[in-house]
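Just below is one structure, and these are the notes that go with it.
For reference, positions follow the sequence shown, starting with 1.
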Amino acid sequence: MFAAIKFGGYWMLCVRPEPIADYAFYFTRAIELGQGLGYRYQGHPTAFYPVGTSLLLAGPLKWFGPTLEVALVLSLVAWGISVVMTYKLAELLSDARVAKVAALLVAIHPDFIAFSSLVASENFFIPLMLASLYLLCRSVLSVQPRWGSVATAGALFGAALLVRSTGLILLPVLSLLLVWAGRRRWLAG
């Protein structure tokens with residue numbers, strides 16, 4: 001995680017893109033949410049963009065100041081969490097050696113480094129989705145069902161959908177995984 005934050009930190013010091021398009025929208029809405037103005041666009045309530053990214057940024061921007069640096073530090077931390085969750089998921093599904101390679105590839109991937117300097121929804125969607133998948137897979141692969149893990153995975157998946165609604169396409173895959181796990185337990189028991 002720290003290597004990822006170091007790479008992203010260096011990139012942020014070298015490249016300072018101003019938020020435009022979606023990134024500016026999320027950043028501005030987060031500041032407005034922190035000021036109690038609600039989630040709106042051009043003076044009207046909106047649901048055109050998912051609210052999750054702005055919600056995740058609103059509190060820290062209110063507490064530490066509505067600056068781009070605060071949002072970028074949160075993006076960088078989210079990227080570091082993505083590296084850790086990649087490691088945990090790969091270790092669960094394979095072994096520590098594969099997990100180290102997977103985490104290293106995420107940490108040095110040019111797209112992740114570049115996105116760490118943007119107020120992008122992807123920065124928050126990916127760690128939420130990876131954490132959800134990790135908890136779900138951990139529960140499915142355990143001998144005894146871990147219903148708390150399944151419930152937490154569902155909550156994290158819901159939060160991820162509030163950040164990027166396109167993640168909804170994964171719902172059938174996750175449902176099949178749960179059905180398969182339930183059938184496996186039913187046949188074994």
Linked, directly or transitively: Val51 and Tyr41 (ILVMFWY side chains, under 4.5 Å)
yes
Which pair of non-hydrogen atoms, one from Met85 and one from Ala131, has the smallest distance, and what is that distance?
CE-CA, 3.6 Å
Minimum heavy-atom separation for Gly38 and Leu33, please, with both atom names.
C-CD2, 3.6 Å
What pairs meet the salt bridge (Lys or Arg N to Asp or Glu O under 4.0 Å) rule with one or both residues in residues 30-55, with sequence neighbours excluded?
Arg29-Glu32
All heavy atoms of Ser149 vs all of Ser139, minimum pair found to be CB-CB, 4.2 Å
Test log, rule side-chain contact (heavy atoms from CB on, under 4.5 Å), inputs Phe112 and Ile126:
CA-CA 10 Å; Phe112 281 108; Ile126 292 170; 3.6 Å; yes
Gap between atom OG1 of Thr86 and atom CD1 of Ile81 - 0.5 Å precision
11.5 Å
Is Leu72 reachable from Phe64 through a run of I, L, V, M, F, W or Y residues, each pair having side-chain heavy atoms under 4.5 Å apart?
yes
Shortest non-hydrogen pair, Tyr87 vs Ala103, comes out as CB-CB, 3.8 Å
Start with the C-alpha gap between Val106 and Trp79, add the side-chain angles, then the distance that decides, and say whether side-chain contact (heavy atoms from CB on, under 4.5 Å) holds.
CA-CA 9 Å; Val106 170; Trp79 180 39; 4.2 Å; yes
How close do Pro50 and Leu161 get, heavy atom to heavy atom, and via which atoms?
CB-O, 4.4 Å
Could you walk me through whether Leu57 and Val119 pass the side-chain contact (heavy atoms from CB on, under 4.5 Å) test, one step at a time?
CA-CA 9 Å; Leu57 293 171; Val119 184; 3.4 Å; yes
What's the separation between atom CG in Leu93 and atom OH in Tyr134, rounded to the nearest 0.5 Å?
10.0 Å
Distance check, rounded to the nearest 0.5 Å: Leu136 atom CG versus Met129 atom CE?
11.0 Å
Arg138 versus Leu92, closest heavy-atom pair with distance
N-CD2, 3.4 Å
Kindly compute the distance separating CG (Leu61) from CG (Leu74), expressed to the nearest 0.5 Å.
7.0 Å
Which of these passes side-chain contact (heavy atoms from CB on, under 4.5 Å) with Leu89: Val84, Leu130, Leu135?
Leu130
Short side-chain to backbone donor-acceptor contact, Ser75 and Leu118, under 3.5 Å:
yes
Is the ring pair Tyr49/Tyr26 parallel, tilted or perpendicular, if the boundaries are 30 and 60 degrees?
perpendicular
side-chain contact (heavy atoms from CB on, under 4.5 Å) between Val70 and Trp63: does it pass, once the steps are laid out?
CA-CA 10 Å; Val70 172; Trp63 297 323; over 6 Å; no
Please check this pair: side chain of Ser94 against backbone of Ala90, looking for a donor-acceptor N/O pair closer than 3.5 Å.
no
With sequence neighbours excluded, give me every salt bridge (Lys or Arg N to Asp or Glu O under 4.0 Å) pair touching residues 166-175.
none
Listed once per pair and sorted, the side chain to side chain donor-acceptor pair (under 3.5 Å) pairs that draw on residues 151-167, sequence neighbours left out
Ser121-Arg164, Glu122-Arg164
Between Leu55 and Tyr39, is there a side-chain heavy-atom distance shorter than 4.5 Å?
no
Between Phe124 and Leu168, is there a shared hydrophobic cluster once you connect ILVMFWY residues whose side-chain heavy atoms come closer than 4.5 Å?
yes
